[in-house]
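Just below is one structure, and these are the notes that go with it.
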Amino acid sequence: MNFTLRDGKTLATAVVALFTLALAACSGAPALRGEEGPPIEVAPAVAGAPWEAALIPAPVHARLTPANVFPLRPRTAIHVKPATPEMHRLAGFLGNLLPTASGSARVVSDLASASAGEPGINLVIDPALDTLGGEGYRLSIASDRIVAAAAHPAGLFYAIQTLRQLLPPEAEGRATNSAIPILTGEVVDKPRFQWRGAMLDVSRHFLKPADVKRYVDHMALYKLNRLHLHLSDDQGWRIEIKSWPNLTAHGGSTAVGGGAGGFYTQAEYADIVEYARARYITVVPEIDMPGHTNAALASYPALNCDDRSPALYTGIRVGFSSLCVARESTYRFVDDVVREIAALTPGPWFHMGGDEVKTLSPAQYATFVERVQSIVRAHGKEMIGWDEVGATRLHPTTIVQYWRPNATARDAISQGNRFILSPADKVYLDMKYDSTTALGLKWAGYIEVRTAYDWDPATRIAGVRESSIVGIEAPLWSETLETIADFEHLAFPRLAAVAEVAWSPQQRRAWDDFRARLAAHGPRLRALGINFYRSPQVPWM
Ligand code: ACM
């Protein structure tokens, strides 16, 4: 079996051919069983086997054997070891992704001996795999059993996502009475970066909790693990603060263009946090300050130096608003907001924004950022700020989120702080794909899929080495986006590209290989109902 996979058409043909052969093998036809195809060692140089070729992000190592398959049946059981509630939850999660016989649930049971294993799918915690870190895993697929093993549950979650991508897209969660063939072989994998993030701007336009959860589901498919929620801006305050109720009652009442706005009650926010946590995604709340605060200023006159509230703002200018940083009462306000949000947020971070402040002196700005940093730390969180905060005195644990394409990171580097990379000219998902894109902005340039994919974080900022980069995050600003379909159109497929930048080793990444794998994700994105952009750079299947 000799697949040439250098262009999309050949890949498409190969995938269909291999799947047909695998189906034949499952149904007992001799075509594949008798054939001893050599194992396919997957490397970018050979462009991968078709099923491996459809894995995004590319794993560190994958070796899949087309000669044999594991027949996934409607009643294939899932076994866990150890039998903890979290392992049962993971098994349930996997069970929900796999097709079942209609009307039946998948059996989950405890595994007595990990080494012996049992026919079926075994989810196993194996401390020996600690060398793969907190999120690495090994997925071994033989013709009678699948063993997903990891030192930590997060690794098993990612093994499950890999297994999910080895199933045909039509299989997602459906009922079927026939067996589905899964190629045998092994994947050993771990992420390049610990921070693999996506940001949603729910301030310029509000997204309902159900839509945020939908985005979380799709992040999980691509092994992303941080959801940064931009919860306040000039146009809307989107999270209930019980000690300052007018922030949402008034400040959350509209949006860009004058629409209805909205906000999350504390219970709704906590529910989103828990939903994400169950998918190994940590929510990072952002309250942008001292600028980007018109919604707060409109809600409480005392936050303004002249005690006069401005009107609500529904345009898309930036840089005109600021809290009154000279007033002590402003810091009591910040303390209340940080305290209430920190109490609802189990993750270790609080993002204070800090970007695009055009009405304060550098000294006023620095004093404010440093005081907020103390408040954030007093509530047990580590601070994150957009790259402008690099010009202030930072605590060593504070993380700087690099976004301005031409920003120098010099100040933050000299203080030794670490970075999240969100260069606007690569990963700002609100930038248009090209001049024909109806949605989005273009101040940082057009970002086609290749532009979002084809860069190396380690060489992006002069003086910032890989060891100072906690990871990559793709913000999605929503000035021009109203519905989840709008958000998805700008996010997909670029979010998948960014996920691979953040997960896969640089030497495993190549554009031609990626675009072929992405093409094979077209049917999956369609099956999930995602309103993705059909980039002409990708030979979609
Ligand atoms: C930003 O885009 N103003 C962080």
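Note that the structure is predicted; figures quoted are calculated from it, not measured. When a residue number appears, it is its place in the shown sequence, counting from 1. Just follow the structure's listing: the first ligand is 1, and inside any ligand the first atom is 1.
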Lys/Arg cation over aromatic Tyr533: Arg494, 6.0 Å, 45° cone: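 No.
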
Distance under 6.0 Å and angle within 45° of ring axis: Arg534 vs Phe532: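 Satisfied, under 6.0 Å and within 45°.
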
Enumerate, atom names and distances included, each donor-acceptor pair closer than 3.5 Å involving a side-chain atom of residues 195-202, sequence neighbours excluded.
unit_1 : atom_1 : unit_2 : atom_2 : d
Trp195 : NE1    : Glu473 : OE1    : 3.0
Arg196 : NE     : Lys223 : O      : 2.8
Arg196 : NH1    : Glu135 : OE1    : 2.7
Arg196 : NH1    : Phe193 : O      : 2.9
Arg196 : NH2    : Glu135 : OE1    : 3.3
Arg196 : NH2    : Glu135 : OE2    : 3.2
Arg196 : NH2    : Tyr158 : OH     : 3.3
Arg196 : NH2    : Lys223 : O      : 3.2
Asp201 : OD1    : Ser203 : N      : 2.9
Asp201 : OD1    : Arg204 : N      : 3.1
Asp201 : OD2    : Arg204 : NH1    : 3.0
Asp201 : OD2    : Ser478 : N      : 3.1
Asp201 : OD2    : Ser478 : OG     : 3.3

Proximity to ligand 1 by part of Gln401, non-hydrogen separation under 4.0 Å: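 Neither part.
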
Contact list for residues 281-388, test disulfide bond (SG atoms under 2.5 Å apart), sequence neighbours left out: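 Every pair satisfying disulfide bond (SG atoms under 2.5 Å apart) with a residue in residues 281-388: Cys305-Cys324.
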
Closest protein heavy atom (residue, atom, distance) for atom 2 (O) of ligand 1: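 Checked against all protein heavy atoms, atom 2 (O) of ligand 1 sits closest to Tyr428 OH, 2.6 Å.
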
Option set Asp355, Asp201, Val318, criterion heavy-atom distance to atom 3 (N) of ligand 1, minimum: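 It is Asp355 whose heavy atom sits nearest to atom 3 (N) of ligand 1.
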
Trp403, any N or O under 3.5 Å of ligand 1 N or O: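 There is no such contact.
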
Distance filter under 4.0 Å to Trp477 heavy atoms, resulting ligand 1 atoms: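 Heavy-atom distances to Trp477 below 4.0 Å select 1 (C), 2 (O), 4 (C).
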
Pair Arg192 + Asp456, salt bridge at N-O below 4.0 Å: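 Answer for the salt bridge query: yes.
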
